[in-house]
2 protein chains.
Amino acid sequence: MSDSSKDPLRALLNPRSIAIVGASENSNKIGGRPLLYLRKHGYRGKVYPINPNRKDVQKYKCFPTLGALPEIPEVAIIAVPGEAAVEAVQTCAQAGVKAGVIFSSGFGETSDPKAIAQQQQMVRIARETGMRLIGPNSQGLANFGNGAVLNFSTMFIETPAKDGPIGIISQSGAMSVVPYALLRARGLGIRHCHATGNDADANVAELAAVVAEDPDLKLLLLYLENIRDAGALADAAAVARERNLPVIALKSGRTQAGQDAARSHTGALANEDRVVDAFLEQHGIARARDVNEWVNSAELYLKGWKPKGRNLVVISNSGAICVMAADVASEQGMPLATLAQSTREDLNKILPSFATTTNPIDLTAALLTNSALFSQILPVIAKDPAADAFHIGIPVAGEGYDVAAFAADSAVFAKRTGKPVVVSAPQALVADRFKAQGMTVFTTESEAVTALNQYLTHLELIQRVRDRNPHMPMAPLQQSGELRMLDEVESLRKVAQHNLSVVEFRHSEDSDAAVAAFREFNEPVVLKGCSPTIAHKSEWGLVKVGVDNEDDVRRHVDNFFRTLRMGGAVSNGSVVARQVKGQRELMLGGRIDPIFGPVVLVGDGGKYVEAMPDLALLVWPFDESDVRAALKRLRIAPLLGGIRGDPAMDVWALTQACVGVGRMLADPDSKVASFDLNPLILGAEGEGYHIVDAVVYVSA
Amino acid sequence: MSDSSKDPLRALLNPRSIAIVGASENSNKIGGRPLLYLRKHGYRGKVYPINPNRKDVQKYKCFPTLGALPEIPEVAIIAVPGEAAVEAVQTCAQAGVKAGVIFSSGFGETSDPKAIAQQQQMVRIARETGMRLIGPNSQGLANFGNGAVLNFSTMFIETPAKDGPIGIISQSGAMSVVPYALLRARGLGIRHCHATGNDADANVAELAAVVAEDPDLKLLLLYLENIRDAGALADAAAVARERNLPVIALKSGRTQAGQDAARSHTGALANEDRVVDAFLEQHGIARARDVNEWVNSAELYLKGWKPKGRNLVVISNSGAICVMAADVASEQGMPLATLAQSTREDLNKILPSFATTTNPIDLTAALLTNSALFSQILPVIAKDPAADAFHIGIPVAGEGYDVAAFAADSAVFAKRTGKPVVVSAPQALVADRFKAQGMTVFTTESEAVTALNQYLTHLELIQRVRDRNPHMPMAPLQQSGELRMLDEVESLRKVAQHNLSVVEFRHSEDSDAAVAAFREFNEPVVLKGCSPTIAHKSEWGLVKVGVDNEDDVRRHVDNFFRTLRMGGAVSNGSVVARQVKGQRELMLGGRIDPIFGPVVLVGDGGKYVEAMPDLALLVWPFDESDVRAALKRLRIAPLLGGIRGDPAMDVWALTQACVGVGRMLADPDSKVASFDLNPLILGAEGEGYHIVDAVVYVSA
């Protein structure tokens with residue numbers, strides 16, 4: 001998206017003037033609610049209701065047509081149905097309105113061909129003049145920073161708005177206001193709350209790229225039901241990263257059942273979920289699996305912490321909370337910090353003998369008899385250099401406890417350390433006291449530690465993405481169209497051309513040539529029958545290994561030709577290949593995803609790849625370090641390093657192979673659309689790898 | 001536990017009279033709070049404060065000593081510290097008090113040898129007269145059904161009690177009242193809330209077996225930091241099962257970090273976590289990983305539903321909720337029910353054209369304009385036979401919606417179907433309306449569906465446990481003491497004695513005998529050097545496979561003897577074995593867990609068992625159907641069934657082998673303490689298996 005094409009979207013977020021086509025006196029109607037909201041939220045620009053039947057609407061002066069307005073409105077809300085909406089887009093576009101939000105539904109989200117055509121027409125009309133559209137079927141945009149609430153959601157009546165450093169952008173209306181409600185219930189303020197609807201023209205990602213420019217934002221939440229424009233999302237992620245704005249995406253349709261439901265909801269094609277995972281990770285976007293994961297850690301992002309690591313200290317007045325917090329921290333990869341000897345000695349001077357001075361620190365019920373314990377131990381712990389983050393768990397307090405002091409002491413402690421602190425307190429009374437002191441409070445230790453881990457993991461991800469080569473461009477999306485399978489020889493040559501290490505082989509037209517090739521190798525060989533129409537050679541009996549004499553070579557090759565002839569398959573001769581040994585058979589596959597571009601799969605090879613998959617997925621562009629990180633996630637990762645007397649394998653060569661095939665897919669001149677290299681035989685360190693079998697498809 | 005030994009614990013739950021040793025006027029002290037609570041909760045038995053310094057305590061008549069009481073109290077609370085507590089136990093036991101609750105702390109939970117000895121002394125004294133003890137370091141018991149609140153927790157002041165069908169029993173004080181508070185916040189009533197403390201005499205499980213007798217209970221929650229008496233827990237589970245009372249256990253110390261924290265908390269030995277998993281499952285106890293999992297599904301157990309299956313129907317006014325609910329249901333193994341054609345046709349007549357009449361049912365924003373939609377579609381869906389359970393998701397409502405009608409309609413629907421219905425509504429206003437109609441409401445669809453799945457999965461588990469052979473007794477726990485390793489020949493013979501299928505082999509004292517054995521087999525053989533001190537033969541070069549001539553047999557066997565001699569190892573001759581082939585090398589291992597008894601591990605074998613484990617664990621007693629269920633969880637499960645042209649493997653024989661080794665471990669006469677059979681070579685269906693390598697340890 002060019003920068004100037006973003007201008008109309010910027011105008012939608014901060015319009016000088018707004019026309020409402022189909023304005024209504026009834027603020028429960030979609031054409032009436034924005035007027036209520038614009039006034040209520042103090043919007044200072046011009047508001048122009050358009051309705052031929054009224055003189056005024058909700059005390060705003062009303063105009064019969066767009067042409068009757070005293071000026072060209074910068075943006076328009078279109079709240080009229082069907083053909084009238086198409087006409088409104090036409091009128092706005094011709095008049096020079098920069099952007100419109102179409103509230104009206106019953107277009108692309110239906111299965112009615114006429115309605116779908118109307119949507120396409122609106123987009124066509126808008127694109128002729130450069131007008132941008134949000135919707136149709138949009139619940140609207142809401143900027144609570146300037147009162148530009150072009151939105152009809154009921155939620156802002158039920159849960160009053162408060163401006164704050166969070167932005168929410170969602171395809172779904174519900175999923176724009178559900179996180180809004182949950183975050184508001186935690187007392188957090190939200191600046192942006194936008195629901196884009198059918199994304200016929202501008203989509204969530206394009207809007208996100210503009211919202212991300214808001215310098216006050218500290219967290220951006222996206223709800224995506226399908227990703228149709230990966231480039232726009234990558235662009236938005238880049239803008240956000242530049243501005244230090246973390247992005248958390250809830251991408252639904254993770255399962256087949258969810259994708260089926262999404263298809264009947266929006267009609268869009270499903271994204272392959274593991275590609276979505278890899279893509280979001282590559283761009284530093286954290287992925288939430290559900291609404292709770294999406295919002296639970298939000299408050300932590302607003303604190304301005306600069307965490308240095310993930311070593312946790314747990315403090316509680318209950319041993320059980322200590323145990324459970326240790327469980328969840330440890331499961332999520334947050335080690336408990338080992339406290340310095342001096343810290344433990346200082347704690348020993350303060351705590352009773354039965355309390356625990358190792359981490360987790362169990363204050364025991366002694367806190368009941370001595371509320372000052374808290375204020376005494378916190379400064380001691382704050383000094384400890386091993387602690388990166390803290391969890392304070394107060395499962396029970398009340399009568400007999402000085403909860404107000406605990407909360408105040410904790411706040412002083414949090415300020416002093418400057419490090420992340422999360423609190424758990426299931427009692428509302430206790431939680432409220434800590435919240436009043438500005439602490440981040442969860443109901444249970446599990447929620448607190450999980451949110452902390454999510455936050456730390458996301459910051460680490462963003463750092464990793466920053467550290468990557470910033471100049472790796474996305475690959476151009478190739479329209480694959482018709483595909484053609486290459487035979488074994490062509491396939492091996494194609495990958496060899498891209499600097500991949502292919503087993504040494506000879507292509508032989510007949511059995512004489514095959515015997516000659518065998519003589520040349522002078523050692524047992526592998527024989528394969530070659531056909532551009534047969535991908536699964538071994539199932540046809542077209543692969544023979546360990547062939548060690550001329551008679552067998554001749555016999556097998558003749559058999560291949562007979563098999564192909566009888567099967568009606570094209571015969572392209574045979575392959576005589578050196579038989580290579582290595583440490584493990586891996587597989588390397590790839591294809592061009594229609595949305596995300598080149599995708600590479602690497603993992604354990606052999607016969608059971610489908611039944612017991614152990615694969616890592618990489619989305620182009622990626623580099624060697626990305627491959628190394630992906631390989632670490634494989635089940636066979638320990639084997640790559642060498643165990644039980646086996647030598648370490650040549651991981652360096654493997655990463656080169658992965659990057660090589662990625663580059664091949666990304667190169668339009670290669671015409672490669674997909675490939676399956678299985679097995680790739682990986683040798684010990686320094687021995688490299690050999691691709692011994694290849695099936696490549698190219699665009700015809 | 002004999003039934004009569006349960007009587008004192010029954011008395012604690014419903015005492016005729018209670019003495020409080022160390023009664024205090026101050027209701028914030030542990031000796032004062034029970035008096036406050038007994039009066040507040042309407043306890044109708046006799047209350048006898050004991051305090052030599054007062055005439056009355058909190059308006060109860062006070063007595064100087066136990067001997068001064070007008071009767072022998074049935075139970076006593078002991079709230080005096082240190083040696084005074086020991087003396088109080090002594091006095092109570094001698095007087096014939098049935099049971100005592102020791103609030104005082106500073107005993108077994110400390111590292112002070114004197115305090116630990118005092119705790120042991122209290123137990124000894126009590127056991128002499130048959131008096132039972134709860135504690136020390138117990139927060140006390142609370143029965144809100146009869147007001148017998150022998151408890152000092154602050155929580156019952158902060159969150160007033162309400163009697164109800166839930167019982168909570170916890171080692172930890174905090175973890176008795178945290179679920180209490182969370183469930184009370186959901187409006188649920190709790191009958192029992194007990195915290196047992198150090199479990200020096202009676203433990204959580206023993207108390208649970210008695211609490212489970214309460215006919216009004218519908219759910220029992222246990223918090224366990226360590227399981228020390230598996231038999232008592234099995235007994236409690238059996239009582240609960242007989243009475244149709246589901247049990248959910250939160251067993252902490254799941255990780256090494258958690259276990260370390262627990263050790264410093266209670267000093268008890270850690271349980272191996274995967275054994276805990278298998279044990280709880282075997283006894284029909286659901287295991288919660290954290291507090292949320294523990295309490296989130298509680299309300300569902302109270303409804304009296306009799307679910308027939310797990311096919312879910314999702315209804316929402318938001319397509320996004322439909323997609324996300326489908327995602328979470330599908331991930332958790334709840335298929336979306338396929339609605340009958342007639343249901344869809346009936347829905348089509350009611351819903352607007354852009355709504356979805358397949359499941360999930362997306363009512364769209366049409367619900368805003370027509371609140372009656374809800375009341376129209378629910379009866380149609382209620383009739384559909386494919387639906388086992390329902391989720392209604394209302395992410396947004398309010399101004400313009402008739403939420404009261406939705407809630408009332410849903411309640412009628414729920415009553416009519418009698419099937420499980422869960423609701424999600426993030427807005428408190430909406431949630432409260434549904435709750436007021438008796439519906440079970442969660443904030444998000446993910447929480448609702450997850451809780452539903454937990455509940456259904458637990459009922460299925462209980463049914464499976466009921467369907468098992470009810471007469472399988474637990475194995476007696478064997479004190480293993482010193483262990484002795486058997487050599488290969490002894491090991492193979494030991495397992496063969498227990499009807500396990502061992503490879504055919506000959507034991508040869510010298511190389512002449514080995515050659516004779518080879519001649520007898522008349523085919524390539526496997527040779528092994530045999531020593532009772534070497535478990536890892538291959539690492540010593542003591543295994544040779546495919547030996548096919550006499551010279552090699554002689555040479556290898558002589559080499560074995562030389563190797564053993566030079567290594568200073570005892571030589572017990574050599575093994576000449578038939579070389580068997582099969583479909584896959586598996587492993588079968590076992591040991592006697594000091595708490596849980598015989599434990600068997602079965603899974604993929606070979607060299608990388610440690611690096612890439614794929615093992616299922618079984619706790620004795622188990623039968624063939626348990627083994628089959630365990631095998632299904634293996635990664636290699638698809639291979640057992642036969643794929644990619646491989647034949648199916650002999651799973652029947654494998655289950656026999658697993659049960660056989662379980663029986664061997666459980667048989668005290670076998671003296672087997674642990675074993676490692678790797679590989680066990682499994683053949684195709686009908687071919688059986690062969691154990692080709694065995695290391696067995698027996699108690700010396």
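Values below: all heavy atoms of this structure, side chains included; hydrogens, waters and symmetry mates excluded. Numbered from 1 within each chain, the chains take letters A, B, ... in sequence-line order.
- Salt bridge annotation for E331(B)-R289(A): absent, with no cationic side-chain nitrogen under 4.0 angstrom from a carboxylate oxygen.
- For the pair T255(B) and A326(A), the tightest heavy-atom approach, listed with the atom from each and the gap, is OG1-O, 3.9 Å.
- Both the backbone and the side chain of I636(A) come within contact range of chain B, each with at least one heavy atom under 4.5 Å from a heavy atom of that chain.
- Looking at E158(A), the atoms closer than 4.5 Å to chain B (heavy atoms on both sides) all sit in the side chain, from C-beta outward.
- The closest side-chain heavy-atom distance from K607(B) to I643(A) is not below 4.5 Å.
- To the nearest 0.5 Å, the span separating OG on S172(B) from CE on M324(A) amounts to 7.0 Å.
- Closest approach of M175(B) and A320(A) over heavy atoms only: CG-CB, 3.4 Å.
- Contact record, R635(A) with M612(B): NH2-O, 2.8 Å, taken as the closest heavy-atom pair.
- Heavy-atom distances place no part of P179(A) under 4.5 Å from chain B, backbone and side chain included.
- Remark: R184(A) engages T159(A), K162(A), Y180(A), I190(A) in a side-chain contact (heavy atoms from CB on, under 4.5 Å) (not counting sequence neighbours).
- Contact of L639(B) with chain A is made through the side chain alone, with heavy-atom distances under 4.5 Å.
- Using modelled atom types and a 3.5 Å distance limit, the side chains of N28(A) and Y401(B) yield no donor-acceptor pair.
- Across every non-hydrogen atom of L182(A) and P426(B), the tightest pair is CD2-CB, 4.0 Å.
- Listed here is the closest heavy atom pair of M155(B) and P395(A): CE-O, 4.0 Å.
- Between the CD1 atom of I321(A) and the OG atom of S252(B) there is a distance of 9.5 Å, given to the nearest 0.5 Å.
- When heavy atoms are compared at a cutoff of 4.5 Å, D614(A) approaches chain B by way of both its backbone and its side chain.
- Chosen from S27(B), S153(B), G253(B), G173(B), the residue pairing most often with chain A at heavy-atom distances under 4.5 Å is G253(B).
- Both the backbone and the side chain of E399(A) come within contact range of chain B, with heavy atoms under 4.5 Å apart.
- Partners of N292(A) according to the side-chain contact (heavy atoms from CB on, under 4.5 Å) rule, which considers only residues two or more places apart in sequence or in another chain, are D290(A), N296(A), T444(B), E447(B).
- There is no contact between Q139(B) and chain A, counting heavy-atom distances below 4.5 Å.
- Using modelled atom types, no side-chain atom of R254(A) and backbone atom of D327(B) make a donor-acceptor pair closer than 3.5 Å.
- For chain A, no part of N137(B) is nearby; none of its heavy atoms comes within less than 4.5 Å.
- Only the side chain of T443(B) comes within contact range of chain A, judged by heavy atoms closer than 4.5 Å.
- Here the shortest heavy-atom pairing between A257(A) and L336(B) reads CB-CD1, 4.2 Å.
- Residue contact with chain A, scored on non-hydrogen atoms closer than 4.5 Å, is absent for A637(B).
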